[in-house]
Amino acid sequence: MPENSFQFDILTLFPGLFDGLRNESLLGKALASDVLGLHTHNWRQWTTDRHNTVDDLPFGGGPGMVLKPEPILSCLRELTPQRAAKTPVVLLSPAGRLFRQELAQEWAQGPGLILLCGRYEGFDARIEQHVDHVVSIGDYVLNGGEVAAMAIIEAVARLLPGVIGNAASLTEESHSSGLLEHPHYTRPREFEGEPVPEVLLGGNHAEIDRWRRRQSLLRTKLRRPELMQGLVIDKKDRTWLDAEWAALQAAAAPASDDRD
Ligand code: ADE
């Protein structure tokens with residue numbers, strides 16, 4: 001394993017799901033160039049009974065099956081001594097704390113990540129004592145942790161030096177500043193009657209920066225108002241935002257003579 005490379009270890013019952021990630025896109029290139037390592041471990045191989053049982057009925061009753069603690073823990077115990085001591089162990093679960101960009105940035109400092117992907121009703125709760133984080137990628141339930149692990153792998157890997165060519169695109173994108181990113185436009189200058197905003201065509205970079213900052217504020221207030229809490233906004237930007245907001249509200253409200 002080359003030094004300075006970032007190692008992802010994924011404990012999963014469905015390792016084949018990660019083949020696409022391995023072979024495609026920038027991530028595939030990074031894997032080929034040794035910036036990254038991606039290793040899957042099917043913990044069914046750590047079962048000791050002849051049926052290779054990974055799950056069992058829940059104590060207390062209820063639907064579905066629960067993942068037994070022994071094989072996953074055996075797998076984890078065999079793996080951890082092979083990894084750097086600081087490598088976080090992360091269990092994916094819809095009952096976890098929300099995964100956000102700050103966590104991706106923290107984890108991208110290295111040396112790697114160990115990701116535990118659940119299935120069925122999830123893991124026996126006693127596994128949680130052996131992990132550093134229980135993380136969810138959003139308030140919805142997937143069939144298992146694999147897609148969540150892939151989201152985390154992509155979010156972390158693209159922050160590593162050498163994975164994405166243009167470092168500026170990392171600092172300007174949504175969530176890196178706590179706001180949603182401003183809109184982007186490319187050619188044609190007019191598309192189905194919609195022109196590109198004039199300011200982007202003029203080459204005045206101070207004006208373009210201001211327009212982008214304000215569009216970020218407006219987008220965030222519209223789509224993710226909870227992200228605006230505690231945000232310090234320049235006075236002129238605040239005045240612009242309040243006026244724009246009032247105009248949008250007025251446009252959305254039905255005119256009084258539309259009502260019967
Ligand atoms: N497993 C199932 N749903 C999940 C979610 N939303 N996040 C992380 N892991 C999951």
Side-chain angles (χ1 to χ4, degrees), residues 6-22 24-25 27 36 38-47 52-76 79-80 83 87-109 112-160 173-176 180 223-224 226-227:
F6 191 104
Q7 300 301 318
F8 287 105
D9 285 282
I10 304 129
L11 277 58
T12 169
L13 294 171
F14 298 94
L17 288 176
F18 292 85
D19 290 349
L21 204 62
R22 267 207 187 89
E24 300 292 332
S25 80
L27 218 58
L36 282 183
L38 186 72
H39 317 272
T40 48
H41 312 269
N42 186 342
W43 84 81
R44 194 181 288 279
Q45 289 166 9
W46 277 262
T47 51
N52 301 117
T53 312
V54 290
D55 57 354
D56 207 338
L57 295 166
F59 278 122
M65 300 293 274
V66 176
L67 290 163
K68 292 164 67 57
E70 309 94 318
I72 182 120
L73 196 57
S74 304
C75 174
L76 189 61
L79 179 66
T80 29
R83 292 292 174 258
T87 307
V89 179
V90 181
L91 188 155
L92 284 323
S93 161
R97 131 165 111 112
L98 203 58
F99 176 68
R100 295 172 60 92
Q101 189 67 16
E102 295 92 76
L103 214 43
Q105 273 152 359
E106 185 188 318
W107 289 343
Q109 304 310 307
L113 275 181
I114 299 177
L115 300 166
L116 276 50
C117 305
R119 283 268 148 182
Y120 318 120
E121 294 306 308
F123 291 101
D124 182 293
R126 288 165 290 185
I127 280 297
E128 294 189 10
Q129 303 156 32
H130 301 275
V131 309
D132 301 303
H133 307 268
V134 182
V135 165
S136 163
I137 60 158
D139 293 337
Y140 40 79
V141 181
L142 304 165
N143 277 339
E146 284 78 8
V147 168
M150 286 184 220
I152 291 177
I153 291 167
E154 188 147 318
V156 172
R158 62 194 298 287
L159 300 177
L160 302 174
E173 65 195 6
S174 289
H175 302 295
S176 60
L180 303 187
R223 297 180 181 170
R224 298 288 306 278
E226 76 281 12
L227 298 180

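Whatever order the structure lists them in is the order used to number ligands and atoms, beginning at 1.
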Using the test side chain to side chain donor-acceptor pair (under 3.5 Å), find all partners of Trp46 that sit at least two apart in sequence or belong to another chain.
Glu78
How would you list, by chain and number, every residue that makes a side chain to side chain donor-acceptor pair (under 3.5 Å) with Asp124, sequence neighbours excluded?
Arg126
Per-pair distances, ligand 1 N/O vs protein N/O, less than 3.5 Å:
unit_1, atom_1, unit_2, atom_2, d
ligand 1, 3 (N), Leu142, N, 3.0
ligand 1, 6 (N), Gly138, O, 3.3
ligand 1, 6 (N), Tyr140, O, 2.8
ligand 1, 7 (N), Ile137, N, 3.0
ligand 1, 9 (N), Ser93, N, 3.2

Find the distance between CG (Leu79) and CG (Asp9) and round it off to the nearest 0.5 Å.
4.5 Å
Could I get the full list of ring-ring contact (aromatic ring centres under 6.0 Å, His included) partners for Phe99, not counting sequence neighbours?
Trp107
Donor-acceptor check, side chain of Ser74 to backbone of Glu70, threshold 3.5 angstrom: yes or no?
yes
Should we say atom CD of Gln101 is surrounded by more than 12 heavy atoms from elsewhere, each under 6.0 Å from it?
yes
